[in-house]
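Comments concern the structure below.
When reading the values below, keep in mind they use all heavy atoms of this one structure, side chains included, and skip hydrogens, waters and symmetry mates. Remember, it's a predicted structure, so these values are computed and weren't measured experimentally. Below, chain A is the first sequence line, B the second, and so on; all start at residue 1.
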Amino acid sequence: MNRKQRATEIYARLARRYPEPKPALHWSTPWELLVATALSAQCTDERVNKVTPVFFERWPSIADAANADVAEIEEVVRSTGFFRNKAKNLKAAATRIMEIYGGEVPKTMAELITLGGVARKTASIVLSNAFGVNEGIAVDTHVKRLAFRMGLTTKTDPVQIEKDLMPLFAREQWGEINHFLVFFGRETCPARKPQCESCELNDICPKKGIE
DNA sequence: CTCCCGATAT
DNA sequence: ATATCAGGAG
C-alpha cells in the first residue's frame with residue numbers, strides 16, 4: 001500500500017468514525033473562532049473554552065476588542081499561556097480588522113495571515129470552519145504527529161508537512177482531514193502512550209508499536 | 001534556532 | 001521533575 005492509498009484509507013475510516021466533524025472549541029462567529037484558535041496555541045481546548053466566554057462577555061464585538069486595555073486582556077487570557085503575546089496580538093488583530101477590513105474577518109489566507117498572531121494554521125481553521133473555504137490544511141501538533149506516524153510525511157516543518165499532505169486529499173476534504181487527525185490523535189494516538197492494540201488503523205500504520 | 005508561558009498528566 | 005497541550009514571531 002503506497003502513501004496515497006494509505007491516505008485514502010485513513011480518510012475513509014476516520015470519516016466513518018467522525019460523521020459530523022466540528023471543532024471542540026466553542027464559537028458562534030468567525031471572530032470568536034479566530035480568537036479561540038489563536039488562544040489554543042500550546043494549550044488545551046478545554047482550557048480555551050473556559051476563557052473565551054469571559055472574553056466575549058467583556059468584549060462582545062471586534063470593535064470592543066480593538067479598544068480594549070491590553071493589560072486587561074492579559075488577565076483574562078493568562079491561564080492559556082503565552083498570555084502577553086496573545087493579548088497583544090488579539091488587540092492588534094481586532095484593530096486591523098476594524099481599520100483595514102471594515103470590521104469583518106477577512107475570508108482569504110493572504111489577508112488573514114496579515115493579522116498579528118495568525119499564521120497558516122489558525123487561518124486554515126477559520127477559513128474551513130467559519131467560511132467553508134479550503135485554502136490549506138491546518139498543521140497543528142496533532143496533525144504533525146499523526147502525519148509522521150502514519151507515514152504521510154517525513155518532514156518536521158509544518159509548511160513542508162502541509163505541502164506533503166495537500167496532494168494526498170481532495171480539496172473538499174482538507175478541513176475534515178485536519179479535524180479527523182486532531183480528534184483521532186487525542187483519543188487514540190496521543191503523543192504519550194498511543195493505544196496501538198485497540199487502534200482501528202493499526203493494520204496500515206508504519207509506526208505501530210513504536211514509541 | 002530561540003523565546004513566549006500556564007495548566008495538567010505522567 | 002518533565003512532557004505535552006488545536007503556534008507564532010524574531
Phosphate OP1/OP2 of C:dC5: any A:R145 side-chain N/O under 4.0 Å: yes

What nucleic acid atoms does A:T37 come within less than 4.0 Å of, heavy atoms only: base, sugar-phosphate, or nothing? nothing

Does A:V143 reach a base, just sugar-phosphate, or nothing at all? Heavy atoms under 4.0 Å. nothing

Minimum side-chain heavy-atom gap A:E135-A:L112 below 4.5 Å: no

Tell me whether A:E200 is salt-bridged to A:R17, with the criterion being a basic N under 4.0 Å from an acidic carboxylate O. yes

Please report, rounded to the nearest Å, how far the P atom of C:dA6 is from the CG atom of A:N49. 11 Å

Any base atoms under 4.0 Å from A:R47, or only sugar-phosphate, or nothing? Heavy atoms, all strands. sugar-phosphate

What is the distance from CG of A:L115 to P of C:dG7, rounded to the nearest Å? 18 Å

Can A:D164 and A:R3 be counted as an ion pair, charged N to O under 4.0 angstrom? no

Among the nucleotides C:dA6, C:dC5, C:dA9, which one has an atom lying closest to any side-chain atom of A:P23? C:dA6

Indicate yes or no for a side-chain donor-acceptor contact from A:K91 to the backbone of A:D69 under 3.5 Å, with no hydrogens or angles considered. no

Between A:E176 and A:Y11, a side-chain donor and acceptor under 3.5 Å: yes

Take atom CD1 of A:I113 and atom P of C:dG8, then tell me their distance rounded to the nearest Å. 10 Å

Measuring only the C1' atom in each nucleotide, how far is B:dT2 from C:dA6? A whole number of Å is fine. 22 Å

Could you tell me whether the side chain of A:T114 and the main chain of A:E111 form a donor-acceptor pair under 3.5 Å? yes

How close or far is atom P of C:dA6 from atom CG of A:L146, stated in whole angstroms? 12 Å

Take A:G81 and A:K50, find for each the nucleotide of DNA chain B with the closest heavy atom, and name the residue whose nucleotide sits nearer the 5' end. A:G81

With side chains defined as the heavy atoms from C-beta onward, is the minimum distance between A:F148 and A:K207 less than 4.5 Å? yes

Interatomic distance, A:K86 NZ vs C:dG7 P [rounded to whole Å]: 9 Å

Only pairs at least two apart or in different chains count here, so list each ring pair (Phe, Tyr, Trp, His ring centres under 6.0 Å) that has a residue in residues 81-140 of chain A. none

Contacted region of DNA chain B by chain A, from 5' end to 3' end of the hits, cut-off under 4.0 Å to heavy atoms, spans B:dC4 to B:dT10

For A:F180 and C:dA6, give me the distance from atom CZ to atom C1', rounded to whole Å. 16 Å

For A:N178, answer base if it contacts any base atom (sugar-phosphate contacts may also be present), sugar-phosphate if it contacts only those atoms, and nothing otherwise; contact means non-hydrogen atoms under 4.0 Å. base

Using a 4.0 Å heavy-atom cut-off, does A:F82 contact any base of the nucleic acid, only the sugar-phosphate backbone, or nothing at all? base

Toward the 5' end of DNA chain C, which comes first, A:D45 or A:G117, by nearest nucleotide? A:D45

When the distance from CZ of A:R84 to P of C:dA9 is rounded to whole Å, what number comes out? 18 Å

In whole Å, what is the span from the CZ atom of A:F83 to the P atom of C:dG7? 19 Å

